[in-house]
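What you see below is based on every heavy atom in this structure, not just the backbone, and it leaves out hydrogens, waters and symmetry mates. So you know, we letter chains A, B, ... as the sequences are listed, proteins then strands, and number each from 1. Since we're looking at a predicted model, the values are computed, not measured.
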Amino acid sequence: GGGYWWYASSQQGGKGATTTTKKPVKVAVLFDVGGRGDLSFNDMAYLGAQRAAKDLGVEVKYLTPKSTSDMIPLLKQLASSKQYKILVLIGFLWTDALNKTADQFPDQKFALIDSTTGVTRPNEVDILFREQEVGALIGVIASGMAYELNGSTIGAVAGMSIPPLWKFHIGYLFGAKYFEMKTNKTVNFLWQYTGTFGDPQKGYQTATQLLQQGAKVLYGLAGLTHIGMFDAVIDWNEKGYGKALAIGEDASQEWYNPKYIPVSGAKRVDVAVYTAIKMAVQGPWKGGIHTLGLKEGGVGIWDLDGVRYFAQIAYNESKTKLTPDQIVNIVKQQREKYIKPYVWNIVHELEQKIKSGQIVFKTPLTEDEYNSIIQQLQQGNLNAALAKGHV
Amino acid sequence: MASNEYAVEMRGIVKVYPDGVVALKGVDFLVKRGEIHGLLGENGAGKTTLMRILYGEIKPTRGEIRVFGRRVSFRGPWDAIRQGIGMVYQHFTLVPAFTVKENLYLSLLSVNPKARLGDAVSKADKIAEETGLRIPYDEIVEELPIGVQQRVEIIKALLRDAKILILDEPTSVLTPIEVRDLFKALRKLRDMGITIIFITHKLKEVKEITDRVTVLRKGKLVGTVETGKVDVKTLARMMVQREVVFKIEKKPAKPGEVVLEAKDIHVIDEEGVERVKGISFQLRKGEILGVAGVQGNGQRELAEALAGIRRVSKGRIILGGKDITGYNAYQRYMKGLAYVPDSRGTGLVPDMNLVENTALTNLYRILGWARRIKWDRAVEITSRVIRELEVVAPSLYAPIKHLSGGNQQKIMVGREIVREPDVFIVAEPTQGLDVAATEFIRKTLLRLRDNGKAILLISTDLDEVLQLSDRLAVIYEGQFLAMGRPEEFTIEKLGLIMGGVRE
Amino acid sequence: MIGDILNLLSNTFFSMTPLLLAATGEIIAEKSGVVNIGLEGIFLLSAFTSATTTWITGDPLLGMTIGLIIGLASGLLHGVISVYLRGDQIIAGVGFNSFAYGFSVLMMIYLWGSYSNSPTVPKLGNIILRFGGEANLTIPPTMILSLIIAIAAWWFLEKTPWGLKLKACGEDPRAAESMGVNVFRTRLYATIIGAGLAGIGGAFMSVGWLGSFSRTISAGRGFIALADVAFANWNPLLAILGAFIFGFADGSSTYLPIMLQKMTGHQFTAESYLFLTIPYLTTLVVVVLIMKRVKMPRALGKPYIKE
Amino acid sequence: MSEALGSWFKGFLEQVRIRKRQYLLGALEIVLSALTGFLVAALILYFIGYDPWYIFEIMLTYGFSDLGYLGTRAAPLIMTGLAFSIPLLAGVFNIGGESQLYMGALLGLYVAYVTHNVWLGLIAGFIAGALWGGLIAALRVYRGINEVITAIMLNWTAYYTIIYIILVYLPNPKQSHLSVQIPVSEMISYGETFALAVVGALIAYFILYYTDIGYKIRVSGANPRSAVYAGFSPKTAIMASMLLGGGLAGYGGTLIIAGVTGSIDTTMSTLYGLGFTGIGVGLLGRNHPIGIIFSGLFFAGLIIGGQWVELLTGAPPYVTDTITGIIVIALSMPYAYRLLVNYMGRLGKK
Ligand SMILES: Nc1ncnc2c1ncn2[C@@H]1O[C@H](COP(=O)(O)OP(=O)(O)OP(=O)(O)O)[C@@H](O)[C@H]1O
Ligand SMILES: Nc1ncnc2c1ncn2[C@@H]1O[C@H](COP(=O)(O)OP(=O)(O)OP(=O)(O)O)[C@@H](O)[C@H]1O
Ligand SMILES: [Mg+2]
Ligand SMILES: [Mg+2]
């Protein structure tokens, strides 16, 4: 399971809160274009910031830019206002803007989440994730579940072709092939870009197409779009067209329908945001580029506490009528039912390899590189996805 | 009882248009039951406005209206219609894209919601019987000649058993034959007890058809008189407050060399119908060649072909010894040709102001460096038009649609005249003009001719062609049936030839 | 294979329904001379309200009814602005779209504190035809309703006196008025009804299709519906064709790459964007091939000014 | 040239003098409608629990304080506004400004990138936009296809195709989500960006109201029959208007690249939506280039200020969309306010 980090930090945070009594420090979280409500990194960032506010007693301000052309002017205005201890920038769209402004404001701290300028500056931390690692674990689990549903095809409904998704793709495919290798059970793999993170109906359509082609497990990597994928999977079962399961990503999304969404991958943007703020207000601050993977708990598979945590939120927003306990129980049963021990074994073994640094995934810099990795993986050459070590 | 002797009583009517134009300044207008009542007045006098008020289309700013003694205030024409009022507009109000049948049905519905398409036709047939106004049913309205469109208009109004029928300048687009038929019909209607209000600028017609006349001037009532008791001159004086000469003295023509020559031209229209079937003629400096004919016999297409608006399918056009068949209209205008179309809907841009509308055909004269428009030049030209033709307009920059029909016509003709063109093609130049303006334009045409300009005059107004032209051609189904000096024709003879009868 | 086709058809039926409803409504409005480009906004508001109603009452049918009512209300607003207040119909529409987008999400935040989507709510049932194996056809009843409405609309416009009156208002309001048609009222009603249909379409998106509202649920479909109106040359029957063609091509744009991927094992990355252009290019090509001169109402978009 | 401009300027002042009353009324209408808009918006905000006045204060102060920012933000909007309005004057409903801007941005970027010359880029951008717009016009003129379909379909086609092109042919090796980038040294300043937009608008104004082609465009739109009568072809006018409009949109697209971002990102968030906003900008500017400059600034201000509302009050960004929407609706019906004014007037008399 995933986020050790978060429990650790929240305990510390408790202390932090008690210590801060003077006038609160201000920090600003600047979302990606589109802002909150993407059920993905913006929403996660918000969680992290909220927790920072609670634990570290900082005052958090939020801002959603209308487009990339607003980013540079906004950064300049905010930085020169000297009001904010740190400016936390969510998403790769900020990369260029930050790169062009960071040096002009040496005593303004910046954090760039989910991307990097590639430059190490004393006043800038970049925190990004090794999505391949969670993708890989999910790949194994999905394959295992597919066989429990007596099928052999897994699929994914992806949003737009952007760097983070390239990494998910590589990981997910790697996982499937790894499963093949370990079990000699063939796994068919279907990956579909919908070209949007905001069109649930397209997600629904794409999902039914994938299911029609025999996919048993669908991995949602398209924010709002994959809400439609969830609905499609649910309908598919309810209509009795066949058995299928869905997997969420970023936040724990089991609560949306625990029966058919037994598991989701974690991408702890919240942790990244939290850490960045913490470093800024409590220190020790150190500029530079950090990547979070399984080892740091930056990505992973949501454990039941995580599930409960998000179920609670959903319950409070009365988005589900099920209580967190009910949800957790259903998830527990479903996981036992569909993720057999032999699958867990493979998962843990792979997890170990990754955490110990025995294997390290490649991160493609261009579409070309990404394509070639995918193609070789598809041909069964797992090592093509690895920068270090081999399997 | 007294008030019931009147079909219409309008008292103290004042109308101020939103843009502040005061069109009517307290007009009293009384129409007896079963009479044909003429309504006279210069362009812009307020006739149409008064009628639009009676028809409920626009609301009076002040004043009271009684119909058959009953006080009324209409929310819209549909109210007026229920009171038995029908109106035939100066600019027709048929839905152009619908068939005649559909248009009739539509208007029938307003009085009888349960009516069916069939009823409209049968009822229309009956009316056609009684009045002798024959119309096709399945044609698309906009493809019909104006004359026919007008018959449809009248029948449309009668369908709703109008007891009061308003006709706004019905004859301005008709030929004598058509006018005669129309008058026959109107008399029949009067005998059927229908009250008719008849707007025109043609005093002859007033004398011929009306029982009483009301004259408006600049939005005020001049008076109402028994038609029998006054002569044409008096009416004219009431209208314009000055003497009007009706016979314009005309010097003998001194034709010069040929400036415009048409060699066997043929024109095929959008529907692929051949509208002009081989017309040839020569037009000399200092002469007026008149073309008489019933609307829709190809005169529009002929004119447009000469002006370069339509391609000729066969034949050549020579202007000043130069073959201009390939030129477009703009180039021909620059070569000194001018054309006044028979329809304001074509000649004017309703939403543009007077200056911009004047620029339309004067464009090449006001272009400066880098094809830049010198608006100050345009303003000069416009002011000249306004001055020389005494156009009544709120301002140079008022949208032209806010001018009365006649004043619009003046702009359309005037902007060509000031260009001093060598060859002047004019269609219905005095359409909808009051006597004064008519007199003026006819004089101007003669003046141009005396200055050695060549003029092709296309008109359905036989008096006009007979009076002005030095040579006269009669067009029928796209061909010149006859060509000769006006003295050789009588109105009757013309009428026959225009109907396609060769002698 | 047959299963694929049926599935493709099922997808088509879903995606064409809101398009057809909105397009039919828009045709009615535009035939009377009022253009309403606020369809996107109506979709959003109706989708939201119907989802909310269903969430509260648990009755999707009631939800859809409310969606309809909201549509009608939006129509009333647009009608009053463009008919009586002589507003610029396009600006009003543009504004309405922005308003609806902001407002529906604000309400969602207000109700559920959620920026993304509403809770899942019960959905309307579907007609399901099973042909054994994975060969199933799903037909949403609303789609059938939309067909009926389109045909009815055609009959109304072409075969009834009211239709004639309505079209007259769009062709030549002055003539219409002189023939005793109350242009203002006719246009107002046409606009209201038209918007109402769009409202049903929006409601269908949330309670007929997805079973939840999300802030981007309409995703530009309002504008596709507008295109369908022109495609149909203002004829509701052709609008059916247009909606179907687009819906089918839209489905194909995901079906083809998945199919190819399954057969060849080649996974599409950037190329998938090229597949995504299929519905738009198809529509364009079809139009270029079949379209003859359009006959749009002559007074379209022009306020009727008497004086 | 100077002679031309000189007398043009004289003419301009002349117009202003003559139409003073008209312009004043127009201004009054705009003010009144803006007020109404803010009022209605205020009510709604109040009812869902926000402090309207504070929010408006922020929108206005922050929206219109940083002029450089305001100017660059307005620049593309002014261009897409013109891209909608100019064809409208010729009777064409161009909602393709969106993709005309995309195309301009793409080609402009490419040319500026290879030639290291922004000015060539701007020209290229104009041409690309013009051609893309011309395509719509051509289909309308020669095949009689309604421009609305063409525009909407081309918009999406362009959207996806451009992402593809950037990913495959113009990828940025340093930042994987970006296209290649024009070097910062080559880029133009915010001031220049806005200035270039204004120049564009002024040229459009000059063409429309002081050249024969502009006059022909306006006549053809107002009454095609008259255009034919006067001997200029409405088809040519339509083509011209779309070439000009599309070109300006493309030019606007390049302005963003050259002045602000230097590149396009693979989610298109750099360019998306500017064309649609342009419709509102054009119409609010009463389809008049000068008016459009101001409505462009107005919209830009609302957008900028809106972002600060969230930062300072914690209200969701959707508050701004709502307000903007209401204000735009309120601005759509000047006549309503004329009624109001007249009514007041009459009350005054009594
Ligand atoms: N819609 C309008 N708005 C403003 N002023 C108008 C409008 N219609 C007419 N007018 C003005 O009202 C006056 C009367 O116009 P009206 O059309 O009634 O004259 P008329 O007697 O019918 O002239 P004609 O014989 O040329 O038809 C004219 O000065 C005209 O400019
Ligand atoms: N001689 C004709 N033959 C065929 N059609 C004609 C003829 N005259 C007019 N029409 C058609 O009838 C319709 C109305 O006639 P006309 O053009 O005179 O009215 P209009 O364009 O509104 O001009 P105006 O404003 O002067 O009435 C026009 O669409 C025209 O095409
Ligand atoms: Mg009149
Ligand atoms: Mg007249």
Side-chain angles (χ1 to χ4, degrees), chain C residues 35 37 41 77 81-82 84-110 115 215 220 223-224 226-231 233 269-277 279-284 287-288 291-294 296 301 303 305, chain D residues 37 41 44-45 48-49 84 88 93 95 139-140 143-168 266 276-277 279-280 283-284 286 315-336 338-339:
Chain C
V35 51
I37 71 166
L77 176 69
I81 291 178
S82 42
Y84 291 97
L85 301 181
R86 295 186 201 169
D88 181 310
Q89 304 174 6
I90 307 297
I91 309 185
V94 171
F96 185 77
N97 283 336
S98 162
F99 164 77
Y101 175 65
F103 192 66
S104 53
V105 183
L106 275 187
M107 285 295 116
M108 185 165 70
I109 297 168
Y110 185 72
Y115 280 60
R215 67 173 192 212
F223 287 94
I224 303 295
L226 276 180
D228 189 24
V229 173
F231 177 98
N233 208 352
T269 53
E271 306 92 331
S272 22
Y273 285 104
L274 294 182
F275 283 102
L276 289 173
T277 62
Y280 309 103
L281 289 176
T282 318
T283 316
L284 210 51
V287 168
V288 173
M291 184 68 99
K292 61 241 158 304
R293 294 242 156 255
V294 291
M296 72 160 76
I305 299 169
Chain D
I44 293 188
L45 289 180
I48 52 181
F84 178 77
L88 193 63
F93 191 72
I95 51 179
L139 283 169
R140 152 92 187 250
R143 294 287 285 102
I145 295 169
N146 179 295
E147 63 269 23
V148 173
I149 320 176
T150 333
I152 291 174
M153 299 303 152
L154 287 181
N155 281 350
W156 286 105
T157 310
Y159 177 85
Y160 290 123
T161 314
I162 287 179
I163 298 181
Y164 174 79
I165 292 175
I166 294 175
L167 280 170
V168 176
T266 56
F276 293 122
T277 318
I279 299 177
L283 288 165
L284 276 190
R286 300 283 185 265
Y318 302 95
V319 168
T320 336
D321 299 289
T322 316
I323 299 176
T324 316
I326 294 171
I327 292 176
V328 172
I329 295 178
L331 283 166
S332 75
M333 38 186 168
Y335 174 70
R338 180 164 306 163
L339 284 181

Most contacts with chain C, counted as non-hydrogen pairs under 4.5 angstrom, among D:Val148, D:Ile326, D:Ile163: D:Ile163
When D:Ile48, D:Thr161, D:Leu331 are compared by non-hydrogen pairs under 4.5 Å with chain C, the top option: D:Ile48
Side-chain heavy atoms of D:Leu167 within contact of C:Tyr273, under 4.5 Å: yes
Any side-chain heavy atom of C:Ile90 sitting closer than 4.5 Å to one from D:Phe93? yes
Where [X] and [Y] come nearest, the two heavy atoms and their spacing:
| X | Y | answer |
| --- | --- | --- |
| C:Ser98 | D:Gly325 | OG-N, 3.4 Å |
| C:Ala227 | D:Met153 | CB-CE, 3.8 Å |
| D:Ile329 | C:Ala92 | CG1-O, 3.9 Å |
| C:Ala230 | D:Ile149 | CB-CG1, 3.4 Å |
| D:Pro316 | C:Leu106 | CG-CD2, 3.9 Å |

Approximate separation, where rounding is to 0.5 Å, of D:Tyr160 OH and C:Thr277 OG1: 9.5 Å
Separation between CZ of C:Phe99 and CD1 of D:Ile327, rounded to the nearest 0.5 Å: 12.5 Å
Going by side chain to side chain donor-acceptor pair (under 3.5 Å), name the pairs with one or both residues in residues 315-324 of chain D, residues two or more places apart or in two chains. A:Lys66-D:Asp321, C:Arg215-D:Tyr318
Interchain contact, C:Val288 with chain D, by part (heavy-atom threshold 4.5 Å): both
Pick one of side chain, backbone, both or neither for C:Tyr84, based on which atoms fall under 4.5 Å of a heavy atom in chain D. backbone
Which of the residues C:Leu284, C:Val94, C:Leu77, C:Leu226 is involved in the greatest number of heavy-atom pairs with chain D at under 4.5 angstrom? C:Leu284
Intermediate values then yes/no, side-chain contact (heavy atoms from CB on, under 4.5 Å), C:Glu271 and D:Val168: CA-CA 9 Å; C:Glu271 306 92 331; D:Val168 176; over 6 Å; no
Counting only non-hydrogen atoms closer than 4.5 Å, does D:Leu284 touch chain C with its backbone (N, CA, C, O), its side chain (CB onward), both, or neither? both
Between D:Leu283 and chain C, with a heavy-atom cut-off of 4.5 Å, which part of the residue counts as in contact: side chain, backbone, both or neither? both
Decide side-chain contact (heavy atoms from CB on, under 4.5 Å) for D:Asn155 and C:Phe223; before the verdict, give the C-alpha distance in whole Å, the side-chain angles of both, and the deciding distance to 0.1 Å. CA-CA 11 Å; D:Asn155 281 350; C:Phe223 287 94; over 6 Å; no
